[in-house]
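The structure appears right after this line, and notes come after that.
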2 protein chains.
Amino acid sequence: MTPRRRATLRDIAAALDLSVNTVSRALAGKDAVSEETRERVRREADRLGYVPNTMARSLVLQNAMTIGLVITNPSNPFYARLISAIEERGRVHGYSLMLMVTEDSVDNERRVAEELMRWGVDGVLAVPVQHGAEHWERLRKSGTPVVLVNRDLPGMEADLVGVDYYDSARRATELLLAGGARELYLVEEDLDISPVAERVRGFRAVLDEHGIAVRDDQIIKVPTRRRESSSQPWDPVDSYAIGRRLAGHAGPGSAVLAGNDYFALGVYRAFTEHGLRIPEDVAVVGHGDHPFAAYLAPPLTTVRLPAARVGATAVDRLLERMAAAAPGEGLGGGAQTTLLPAELIVRASATGRPARSPASSDPASPDPASPHLASPDPASPDPASPDPASPDPAPPESS
Amino acid sequence: MTPRRRATLRDIAAALDLSVNTVSRALAGKDAVSEETRERVRREADRLGYVPNTMARSLVLQNAMTIGLVITNPSNPFYARLISAIEERGRVHGYSLMLMVTEDSVDNERRVAEELMRWGVDGVLAVPVQHGAEHWERLRKSGTPVVLVNRDLPGMEADLVGVDYYDSARRATELLLAGGARELYLVEEDLDISPVAERVRGFRAVLDEHGIAVRDDQIIKVPTRRRESSSQPWDPVDSYAIGRRLAGHAGPGSAVLAGNDYFALGVYRAFTEHGLRIPEDVAVVGHGDHPFAAYLAPPLTTVRLPAARVGATAVDRLLERMAAAAPGEGLGGGAQTTLLPAELIVRASATGRPARSPASSDPASPDPASPHLASPDPASPDPASPDPASPDPAPPESS
DNA sequence: CTGAAAGCGCTAACAG
DNA sequence: CTGTTAGCGCTTTCAG
């Protein structure tokens, strides 16, 4: 009984004996239409259950009202939050999201970039796989702005919105040193990506400044297993293995800085099983402030990432580029890089005097290290307030 | 220098002095074209960097080659994995994903459904918000198949692909009873959705069968705070509060079954802080088998959800419906419900003899309760193999 | 084997 | 205020 075929402007026009054009304008709210006609059109439109055809509209308007979002792995909690933030901010501006997943494979990424071109999306937000920038370059040259998110991409001259991991690693390392650690280990994923590189850089820099030599074996790479366990988040199993190895020569003065909380967790367990106490025998700091971090025993000191802000900022930057791309201008100015600050959340796993070390270029960290330092095994596991960095979730009214 | 405007078939045709039509066929690989012409066309096409315009194509073909995916919250790890699985399976069949996020708000859902109609997506996969089915009904009546995922929706007669939570709750409860628990609590999110309802039903059923009366206060609802903390996953903070309350009258024979691992975690911490031992004083079972579950102290017994399979199955079901919707047929047969079995992962937090209770309608659970039972604080935290339910990423049969 | 013509659903000039 | 004419980029008849 219901119309198998969607109603179109023409159907309305026919029923009312008007021209398609008039109907179009009536519905679009343009002026050149009598109020009466407009009313009739409206009525008929929803009598027929008319729904405008976005594709047709986009085809003529030459804009897709869509932005492509390319993510390596939605199961990474940071990216999951990024997706939400981007979707929300995009919607506010009337854009839909075309989501593509690469699983950190360049082949997938190439396919995906191609598909995005075919769709003619208005802009692309991408967490790039490490190698290969040609496909993104092609896209950009064809007039589609591309903004990199979270990871930089060497061969690509594009905007980047990410997190200041160099700084977060510095702060975490300072904290560890301030707590008395001397034998530090950095546990990172074995991927050649900028976030890892930046953290390594920050880690080394601080140790250097303190005159501590860094042996190669202090920077440990955990093999990536995302590909195999498709759509599974990081698995602590490998960091657990690493933790067991470390446990042998660990003792007071040892500390581990992990590139993500899951790695910290694996290490945690290996240590406690081995009878080592955290933080007395070995201090641990993670990255990500995943929901479980505050509830471990002891609560995990970690770095809270401004996912929501990164997402919103990335969308904003992309929107600017899209606006600039419209005229003749060559896609706005030069590439801009925006690194948002992360927040060090000090909890019991890395106790010590707040990192107020001399060398710290640390820009007025919002005094994190207080409540939790008191109780090494706090009775109040941190109300874990929602991303404090996102109290600006876009126009709360937006019409 | 680079073409501001994308090359079109016409450009190729003009350059080669051919008709648009011929070029189209040449590129589409249709037969009625001489090999020579085809070659010339191909060459010119990529000289010009031609990329077919999907929108134009879709407009005439009347299919969008897109499926809409509506998710309440990507930060829920289960949904994150679902997204990956669906994207992957969709891509295999040539479909792109339009992702929409509702944050469990009906208003958002209505907007989103409308938008999906406008795009004319070929089908929709949705994790529905509890109330309001009219917008989905409209979509369906307009000829777009809708398959519900994970949650049922009362007013809607549509296919559903989900998890058998009734069974998972039953099995978990049986396990707890077998372990000697008598005072059981079920901690669930305060949402009126089928997964929760099913678990409550399973929980009650088993207790009933064992002649144990269930007081209302044994079924505890944790307030939802997703909306506020937009794009944040569950926060254990509320379940932690609940755990503290429970800790008062908990003791040997007490047990908690949690609707998700984060809740279990909150309870965990409240108990241990209160000096209660797990599982000796109180046993705990979660839901979800999130990556951290195996690494808690003690490792958390939980239910592993077949996210990848749910995703793949949902896509397959949708594809069937889409195929059926093409002819005159009324969208295939009646609504089908597919509930995939979850797997009970027994770890130290809920020790006891394997649940081999009489009333168990339990279809040969794959003998879970062995390796971990031995060591209440196992030295081998479960290699947490990737979703064992998805070693068959391809159509097990379906198509 | 190739071209001409029509049309998907909508919007943008331009006339009347 | 309203209708006519084009055309977005592509595919599909149907003739040649």
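The figures that follow rest on heavy atoms only: side chains count, while hydrogens, waters and symmetry mates do not. Each chain gets a letter, A, B and so on, in the order its sequence line appears, and its residues count up from 1.
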Open item on the list: Which nucleotide wins on minimum distance to the side chain of Thr22(B), given the candidates dC10(C), dT11(C), dG3(C)?
Closed with: dG3(C)
Task: Phosphate OP1/OP2 of dT11(C): any Gln62(A) side-chain N/O under 4.0 Å - done: no
TODO: Sequence neighbours left out, what pairs pass side-chain hydrogen bond (donor to acceptor under 3.5 Å, both in side chains) with at least one residue falling in residues 117-128 of chain B?
DONE: Ser96(A)-Trp119(B), Glu114(B)-Arg118(B)
TODO: Round to the nearest Å and state the distance from Met55(B) atom CE to dT11(C) atom P.
DONE: 13 Å
Task: Thr338(A)-Arg317(A) side chain donor-acceptor pair, cut-off 3.5 Å - done: yes
Open item on the list: Without decimals, in angstroms, what is the distance between Arg10(B) CZ and dG3(C) P?
Closed with: 16 Å
Task: Short side-chain donor-acceptor distance under 3.5 Å, Thr37(B) and Ser34(B) - done: yes
TODO: Answer with base, sugar-phosphate or nothing: what part of the nucleic acid does Thr37(A) contact at a heavy-atom distance below 4.0 Å?
DONE: sugar-phosphate
- [ ] Give the rounded distance in Å between these two atoms: CG of Leu27(A) and P of dT11(C).
- [x] 9 Å
TODO: Answer yes or no: is there an ion pair linking Asp104(B) with Arg151(B), defined by an N-O contact shorter than 4.0 Å?
DONE: yes
Open item on the list: Can you tell whether the side chains of Glu88(A) and Arg91(A) come within less than 4.0 Å, N to carboxylate O?
Closed with: no
- [ ] Identify the 5'-most and 3'-most nucleotides of DNA chain D with at least one atom closer than 4.0 Å to a non-hydrogen atom of chain B.
- [x] dC8(D) to dT13(D)
Open item on the list: Taking Arg138(A) first and then Glu134(A), would you say they form a salt bridge - that is, a charged N and a carboxylate O separated by under 4.0 Å?
Closed with: no
TODO: Let me know, please, whether Asn53(A) or Arg38(B) comes out on the 5' side of the other along DNA chain C by nearest nucleotide.
DONE: Arg38(B)
Open item on the list: Distance check, rounded to the nearest 0.5 Å: Asn73(B) atom CG versus Glu103(B) atom CD?
Closed with: 6.0 Å
Scan nucleotides 13-16 of chain C against the protein and return all N/O pairs shorter than 3.5 Å with their distances rounded to 0.1 Å.
unit_1  : atom_1 : unit_2   : atom_2 : d
dA13(C) : N6     : Asn21(A) : ND2    : 2.6

Open item on the list: Please report the interatomic distance CD1(Ile12(A)) to CZ(Arg47(A)), rounded to the nearest 0.5 Å.
Closed with: 10.0 Å
TODO: Give, for atom OG1 of Thr22(A) and atom CG of Leu9(A), the distance between the pair rounded to the nearest 0.5 Å.
DONE: 10.5 Å
Open item on the list: Check this for me: does any side-chain nitrogen of one of Arg42(A) and Glu39(A) sit under 4.0 Å from a carboxylate oxygen of the other?
Closed with: yes
Task: OG1-CD1 distance between Thr144(A) and Ile67(A), expressed to the nearest 0.5 angstrom - done: 12.0 Å
TODO: Tell me the stems DNA chain C sits in, counting at least three consecutive Watson-Crick or G-U wobble pairs, each under 3.5 Å on both distances.
DONE: C:1-11 with D:6-16, C:13-16 with D:1-4
Task: Interatomic distance at P, dC10(C) relative to dC1(D), whole Å - done: 24 Å
Task: Whole-Å distance separating the CG atom of Asn63(A) from the C1' atom of dA12(C) - done: 14 Å
Open item on the list: Any residue in residues 11-20 of chain A with a heavy atom nearer than 4.0 angstrom to DNA chain D? Just list them by number, or reply none.
Closed with: Asp17(A), Leu18(A), Ser19(A)
Open item on the list: Minimum heavy-atom separation for Ala26(A) and Arg38(A), please, with both atom names.
Closed with: O-NE, 3.4 Å
Task: Set of side chain to side chain contact (heavy atoms under 4.5 Å, CB included) partners for Asn21(B), sequence neighbours left out - done: Ser19(B), Arg25(B)
Open item on the list: So, taking the atom named CG in Leu97(A) and the one named CE in Met100(B), what distance separates them when rounded to the nearest 0.5 Å?
Closed with: 8.0 Å
Task: Length of the line joining Arg118(B):CZ and dC10(C):C1', which is rounded to integer Å - done: 13 Å
